[in-house]
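Side chains included, hydrogens not; waters and symmetry mates left out as well; all remaining heavy atoms used. Numbered from 1 within each chain, the chains take letters A, B, ... in sequence-line order.
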Protein chains: 2
Amino acid sequence: MFYTKIGKLALGSRLRMLSERVTEDAKNIYDLYDVELKPKWFPVFYSLSQNQEKSITAIAEEIGHSHPSVSKIVSEMCKAGITKEKKDKKDGRRNLIELTKKGMLIAHKIEDQYKDVNHAIELALDQTQHNLWKAIEEFEFLLEQKSLFRRVKEEKSKREREKVTIVAYDAKYHKAFKELNEEWIRTYFKIEVADSMALDNPKEYILDNGGHIFIALYNNEPVGACALLKNNTIISDFELAKMAVSPSAQGLGIGLLLANAAIDKARLEGAKEIYLESNTVLVPAIKLYQKLGFQKVSGFSTPYERCNIQMILKL
Amino acid sequence: MFYTKIGKLALGSRLRMLSERVTEDAKNIYDLYDVELKPKWFPVFYSLSQNQEKSITAIAEEIGHSHPSVSKIVSEMCKAGITKEKKDKKDGRRNLIELTKKGMLIAHKIEDQYKDVNHAIELALDQTQHNLWKAIEEFEFLLEQKSLFRRVKEEKSKREREKVTIVAYDAKYHKAFKELNEEWIRTYFKIEVADSMALDNPKEYILDNGGHIFIALYNNEPVGACALLKNNTIISDFELAKMAVSPSAQGLGIGLLLANAAIDKARLEGAKEIYLESNTVLVPAIKLYQKLGFQKVSGFSTPYERCNIQMILKL
DNA sequence: ATTAATTACGTAACTGATTACACAAATATA
DNA sequence: TATATTTGTGTAATCAGTTACGTAATTAAT
């Protein structure tokens, strides 16, 4: 069969087809019991047969349809003499719906059908290993917790993250290192003197002082960078800085990979703590630092105007 | 939740809602992967990405849609530059569809999405006890074998059969006994002398000779009858005759209940075989007799013009 | 007490499917 | 070979839902 081959991408289509098939049979079943009810009326009808007098939106809420849908169904049912409308005296907007005598008669007549259908379907489902009714319930519950979209998105970034490699700095990445950083700095702030020094001469300013630079490659293209500075050992052993991820590669967790590479390196070199400076405007970055265990500190002097938060990670 | 309460009668509605929810997310997923494909195009697209050049109806057949649906989808996809049409040279009616270069590019691009969606859904389904995908497959298989409609119908007659009771003849059933029989006789044949004798004076003609009459009651109304005659012990111990079920109560298996009551009675009285006369035009009756074990015999004389088949059941 | 926001509902337009129908091309039949 | 039937396709109308939008009534806020 086609749909077993095509895969889960067509789950929607498949569900729709099954629903159409079931509804088609439902039509004949109503005829069989001589019940003047369209299958699509049933949720509304059932809702009304429970209690008295409900407003259009209350019904819509309950059965999970849009209110125009209920509005249309109700007007059809009224025309068929199954329900009647009456204005709410206390609230002129509300249109209260209730079953007519005829409707209640149908509610009575439908009981046998209701029993038979339930029984027939249960009998069928008992023959299966995977109970469709329960499967729907479970699946709806899962979607409630996390939408299909989010699940796929996570799957996507998981797969793409695997294509990311973190490598040590090399002269050929100089341009990328500079541009990746300048991009975000310019977006939120302006390039400062300390920036230019580090970005124009990374070898001299960072590496030769005993620091490190990490580059994130995605399909062999540099899409992220970060640096571990050793300029200011008064505060900490290392300073984490120049963290940049290209907007096109954001959401893949590349920042985390870069930071982890830096932390691993610092630990390897016997560092006891890592310091960093940032700005609270960079929400995802701050969140990442917190997740990694960085704690807010204050009182250190900084060459950066944009710095409004300082953090330290104890290793 | 409403749909757990409402019961299986609303299975169709519930499936539709789930399908809508899934399709809604699918739309966003296609966007996420930057694939210019509407979810509804996917079955057609997938079908075309497998082989080359298919006609509209061939695609419709394969994916289980109606051909106008495919026709519309294809024209949308052609407008989007994903497919192209070309007339079949050998058969001027056929409109052969194939992917364009752009379409093939999308087919390539979609592969990652395809993998991620499959993986995400499988991951979700693994958390469930009842796997929705497999449940659909199993349920579709069951419907293939016997439609929902037939299943419900069987359930209905099972329940209704329980409301049927078989009772012994009483004078108050005389009118019903006569009318039920005259109805089917008149429909297919004409009333004969032997009929009138038995139907006008059942006590004298049947019971007083050692025969029996059984009446089927449905909601305390007589809806069926049959007789066990002892007039002609030359052929068999008993003759099964005057089997009648009201058209309004047909399909409930009342004939079977009546015949079984008669056979039980005959057995109880030590009979070795039961004889009957009928006509092959009465297909359901003949089928019933065969099911009960009656075998065709011939050569016996009969007072009935309409008799064209004679049968005997060995007890 | 006005004004603004929210709520209830209906109408209109759209969506993704269907069935019904029309028509031409191909195939079967007399 | 002429005619009838079948097949492939497209168009139109319908169906069961949706979203978008307008309007009136109620409630909240200034």
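In the region residues 57-65 of chain B, proximity to DNA chain C at under 4.0 angstrom, judged on heavy atoms, holds for His65(B). For the segment residues 23-49 of chain B, residues with any heavy atom less than 4.0 angstrom from an atom of DNA chain C are, sorted by number, Lys38(B), Lys40(B). Contacts between residues 9-18 of chain A and DNA chain D, defined by a heavy-atom separation under 4.0 Å, are absent.
Listed by first and then second residue, the ring-ring contact (aromatic ring centres under 6.0 Å, His included) pairs that reach into residues 43-86 of chain A are Phe42(A)-Tyr46(A), Tyr46(A)-Phe2(B), sequence neighbours excluded. Within the structure, the side-chain hydrogen bond (donor to acceptor under 3.5 Å, both in side chains) test picks out the following pairs touching residues 87-96 of chain B (sequence neighbours left out): Glu85(B)-Asn95(B), Asp88(B)-Arg94(B), Asp91(B)-Arg93(B). Note on residues 119-131 of chain B: pairs passing salt bridge (Lys or Arg N to Asp or Glu O under 4.0 Å), not counting sequence neighbours, are Lys8(A)-Glu122(B).
Atom P of nucleotide dA24(D) and atom CD1 of Ile56(A) are separated by 19 Å, given to the nearest angstrom. At whole-Å resolution of the value, CD1 in Ile73(B) and C1' in dT9(D) are 15 Å apart. Residue Asp91(B) contributes atom CG, which lies 8 Å from atom P of dT9(D) at whole-angstrom precision. Taking atom CZ of Arg21(B) as the reference point, atom P of dT19(D) lies 14 Å away to the nearest angstrom. Rounding to whole angstrom units, CZ of residue Arg94(A) and P of dT26(D) are separated by 11 Å. Taking atom CD of residue Glu76(A) and atom P of nucleotide dT14(D), one finds them 14 Å apart after rounding to whole Å. The NZ-C1' distance, from Lys54(B) to dT9(D), rounds to 18 Å in whole Å. Regarding Lys72(B), its NZ atom lies at a distance of 14 Å from the C1' atom of dT9(D), rounded to whole Å.
Partners of Thr280(B) under the side chain to side chain contact (heavy atoms under 4.5 Å, CB included) rule, at least two apart in sequence or in another chain, are Asn308(B), Ile309(B). In this structure, the side chain to side chain contact (heavy atoms under 4.5 Å, CB included) partners of Pro68(A), at least two apart in sequence or on a different chain, are Ser66(A). The side chain to side chain contact (heavy atoms under 4.5 Å, CB included) check on Lys86(B) picks up Glu53(B), Leu96(B), Glu98(B), with sequence neighbours excluded.
Residue Lys87(B) is the one, among Val70(A) and Lys87(B), whose nearest nucleotide of DNA chain D lies closer to the 5' end (criterion: closest heavy atom).
Note on Arg151(A) versus Glu154(A): no salt bridge recorded, every NZ/NE/NH1/NH2 to OD/OE distance being 4.0 Å or above. Using a 4.0 Å cut-off between a side-chain N of Lys or Arg and a carboxylate O of Asp or Glu, Arg16(B) and Glu20(B) qualify as a salt bridge.
The footprint of chain A on DNA chain C, defined by a heavy-atom cutoff below 4.0 Å, extends from dT7(C) to dT18(C).
Residues Tyr218(A) and Ser248(A) have side chains not in contact (no heavy-atom distance under 4.5 Å, counting atoms from C-beta outward). No side-chain heavy atom of Gln113(A) sits less than 4.5 Å from a side-chain heavy atom of Val152(B). Within the 4.5 Å cutoff, no side-chain heavy atoms of Phe149(B) are placed close to those of Glu24(A). Looking at Ser19(A) and Ser19(B), their side chains never come closer than 4.5 Å, going by heavy atoms from C-beta outward.
Between the base of dT7(D) and the side chain of Arg93(B) there is a donor-acceptor pair shorter than 3.5 Å.
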Exercise answer: donor-acceptor pairs, residues 132-144 of chain A side-chain atoms, under 3.5 Å, sequence neighbours excluded:
residue   : atom : partner   : partner atom : Å
Glu138(A) : OE1  : Gln129(B) : N            : 3.2
Glu138(A) : OE1  : His130(B) : N            : 2.7
Glu138(A) : OE2  : Gln129(B) : N            : 2.9
Glu140(A) : OE1  : Arg14(B)  : NH2          : 3.0
Glu144(A) : OE1  : Arg21(B)  : NH2          : 2.9

Expected list for residues 26-41 of chain B: side-chain donor-acceptor pairs under 3.5 angstrom, two or more places apart:
residue  : atom : partner   : partner atom : Å
Tyr33(B) : OH   : Asp116(B) : OD2          : 2.5
Lys40(B) : NZ   : Glu76(B)  : OE2          : 3.0
Trp41(B) : NE1  : Glu76(B)  : OE1          : 3.0

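Nucleic acid contact for Lys90(A): sugar-phosphate only, since backbone atoms but no base atoms lie under 4.0 Å from a heavy atom of the residue. Contact annotation for Ser55(A): backbone-only contact, meaning every heavy-atom pair under 4.0 Å involves sugar-phosphate atoms and none involves a base. Contact annotation for Ser66(A): base contact, defined as any heavy-atom pair under 4.0 Å involving a base atom.
Checking the phosphate oxygens (OP1, OP2) of dG10(D), a side-chain nitrogen or oxygen of Ser71(B) falls inside 4.0 Å.
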